[in-house]
Amino acid sequence: QVQFTESGGALVQPGGSLSLTCAASGNISTYIMAWYRQPPGKQRELVARSFTSGNTWYALSVKGRFTMSRDNGKNSVYLQMNSLESEDTGVYYCNNFAEFQPWGQGTQVTVSS
């Protein structure tokens, strides 16, 4: 099994930016990698996916504001978040979209003035 470690979360003001990193303990080159988030009191939701082809998919709520990228050589994926809104608050996780691995601890993103 591959383990994931998310980092980069912080408290940021609305309109600000953050960059998240997900480091995997093994090879992710064949994985469809995804970022998820869990808002306070809500279910975990899919935010973005990165396919092995290099294509990406985004939830409508973040499209145009978030950019997901990956570096297979470093077994890492990233999430650049711009124009942050209070609704983006939550714990952010990464995982293999097609076959879930154990969830990491996530990284807390709080958007508040």
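For the numbers below, each heavy atom of this structure counts, side chains included, while hydrogens, waters and symmetry mates do not.
- Between the Arg44 side chain and the Tyr93 main chain, no donor and acceptor come within less than 3.5 Å of each other.
- A distance of 8.0 Å separates CD1 in Ile28 from SG in Cys94, rounded to the nearest 0.5 Å.
- Scanning both residues, Ala48 and Leu79, for their nearest heavy atoms gives CB-CD1, 4.4 Å.
- Here the shortest heavy-atom pairing between Pro102 and Phe4 reads O-CD1, 4.1 Å.
- Residue Thr56 holds its OG1 atom at 9.0 Å from NZ of Lys63, rounded to the nearest 0.5 Å.
- Checked by atom type and distance alone, the side chain of Tyr58 pairs as donor or acceptor with a backbone atom of Met68 at under 3.5 Å.
- In this structure, OG1 in Thr110 is found 9.5 Å from CG in Leu18, a value given to the nearest 0.5 Å.
- Among all heavy-atom pairs drawn from Arg37 and Pro39, the shortest one is O-CD, 3.7 Å.
- Evaluation of the side chain to side chain donor-acceptor pair (under 3.5 Å) test over residues 16-27, restricted to residues two or more places apart or in two chains, returns Ser17-Asn82, Asn27-Ser29.
- Under a 3.5 Å cut-off, the side chain of Arg49 and the backbone N or O of Phe97 do not form any donor-acceptor pair.
- At least one donor-acceptor pair closer than 3.5 Å links the side chain of Gln101 to the backbone N or O of Val2.
- Residues Leu46 and Val91 share a hydrophobic cluster, clusters being chains of Ile/Leu/Val/Met/Phe/Trp/Tyr side chains in contact below 4.5 Å.
- Neither Tyr78 nor Met81 shares a network with the other; the hydrophobic side chains, linked directly or stepwise wherever heavy atoms of I, L, V, M, F, W or Y lie under 4.5 Å apart, form separate groups for each.
- Closest approach of Pro14 to Ser113, counting heavy atoms only: CD-N, 3.7 Å.
- No more than 12 heavy atoms of other residues, nucleotides or ligands shown are found within 6.0 angstrom of CD on Gln3.
- With ring centers used as reference points, Trp35 lies 6.0 Å or more from Phe66.
- Placement of Phe51 and Phe100 within a single hydrophobic cluster is found when ILVMFWY residues are connected by side-chain heavy-atom separations under 4.5 Å, directly or transitively.
- When hydrophobic clusters are built by joining Ile, Leu, Val, Met, Phe, Trp and Tyr residues whose side-chain heavy atoms come closer than 4.5 Å, directly or via intermediates, Trp57 is not grouped with Val47.
- To the nearest 0.5 Å, the span separating CD on Gln108 from OG1 on Thr89 amounts to 7.5 Å.
- Taken from CG in Leu84 to OG in Ser112, the straight-line distance is 12.0 Å, to the nearest 0.5 Å.
- Contact between Asn95 and Glu99 at its shortest, heavy atoms only, is OD1-O, 4.4 Å.
- Closest of all the heavy-atom pairs between Glu6 and Gln105 is OE1-N, 3.7 Å.
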